[in-house]
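Just the heavy atoms: all of them, side chains too, but no hydrogens, waters or symmetry mates, feed the values below.
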Amino acid sequence: MRENRCFAMKFRLNADLGYNRQLATGWGQARTAARYLAARRGSLATPTFDVLAFVKSTPSADRVDGQLLLGPFTIPAYQEGEPVSIERAPGLSCLGFALRPTSEGSVAMTSANPGAPPLLEPNYPASEHDRTTTANVMRRTRELFAQSPIADRIDHETFPGPGARSDDELLDSALDGGYTGYHAIGSCAMGPADDDVVDSRLRVRGVDALRVVDCSAMPIMMAGNLNGPVMAMAARAAEFIREDR
């Protein structure tokens, strides 16, 4: 299994802008929901992140190797068992990750009971490539936010904070305050060998009339979000099913 580890960088704004004020309280959330229901407008009518960018982690990189997502809101660090909240003070968030990770994790069965949850070990970022690229994409993010006009709106960096400078400090912040990318691939990867889980028509080897049609069948990580590739895979799988009747 391979997966993207998203880092989070958060900034306090110097004016009351963005979505925090609208979404931090129950009353604000109710007004936002009412506006959307009445006119299909407001923050609920926008994507989760308003801006997406692909960047090079260093000028010498052969091709883009990082992805950034920017949203005018800030969410405190998740606490297990607690609902997600929005900060009241104005802020903006930038999530990002290294494209094409090379670290390998695993998915393992924990019981003969098919209802038992699997054991997931993402193992990120374990490879030197992933660690170096992630740290450099975070530095690149800081460079972007230090440029006008966006720098004119920023008061200071709140997370991980300017004290995080070394690779280890930046990576620790990605692990402590970051997120899964929801891009796990490869645990049922297709391939030509007899021990590859599925073949080129997405059929599970050794089991009749069973196919895997999701990210787990991908043998390599795509550069970017996976919803589009999975929809294309599903369309192709539908063709296979009709052809193989």
Would you confirm whether [X], through its side chain, and [Y], through its main-chain N or O, come within 3.5 Å as a donor-acceptor pair?
{"X": "Glu169", "Y": "Ala164", "answer": "no"}
{"X": "Asn136", "Y": "Thr133", "answer": "no"}
{"X": "His129", "Y": "Ser127", "answer": "no"}
{"X": "Asn20", "Y": "Thr74", "answer": "yes"}

Using a 4.5 Å cut-off on heavy atoms from C-beta on, say whether the side chain of [Y] contacts that of [X].
{"X": "Leu144", "Y": "Leu68", "result": "yes"}
{"X": "Arg203", "Y": "Asp208", "result": "no"}
{"X": "Leu202", "Y": "Val212", "result": "no"}

* **Glu157 and Lys10: CA distance, side-chain angles, deciding distance, salt bridge (charged side-chain N to carboxylate O under 4.0 Å, His left out) verdict** => CA-CA 6 Å; Glu157 178 184 319; Lys10 305 173 188 179; over 6 Å; no

* Evaluate the criterion side-chain hydrogen bond (donor to acceptor under 3.5 Å, both in side chains) for residue pair Gln67 and Asn225; output intermediate values, then yes/no. => CA-CA 9 Å; Gln67 181 174 332; Asn225 297 61; 2.7 Å; yes

* ring-ring contact (aromatic ring centres under 6.0 Å, His included) between Phe7 and Phe97, worked out -> CA-CA 6 Å; Phe7 63 80; Phe97 53 87; 8.4 Å; no

* When hydrophobic residues are tied together by side-chain contacts of less than 4.5 Å, even through go-betweens, does Leu70 share a cluster with Val64? -> no

* Phe49/Phe73 aromatic ring centres below 6.0 Å -> yes

Enclosure of [X] [atom1] (heavy-atom neighbours >12, cutoff 6.0 Å):
{"X": "Arg211", "atom1": "CZ", "result": "yes"}
{"X": "Phe240", "atom1": "CZ", "result": "yes"}
{"X": "Arg31", "atom1": "CZ", "result": "no"}

* side-chain hydrogen bond (donor to acceptor under 3.5 Å, both in side chains) partner of Arg139, chosen from Asp167, Thr58, Thr134 -> Asp167

* Could you walk me through whether Ser57 and Asp65 pass side-chain hydrogen bond (donor to acceptor under 3.5 Å, both in side chains), step by step? => CA-CA 6 Å; Ser57 59; Asp65 53 0; 2.7 Å; yes

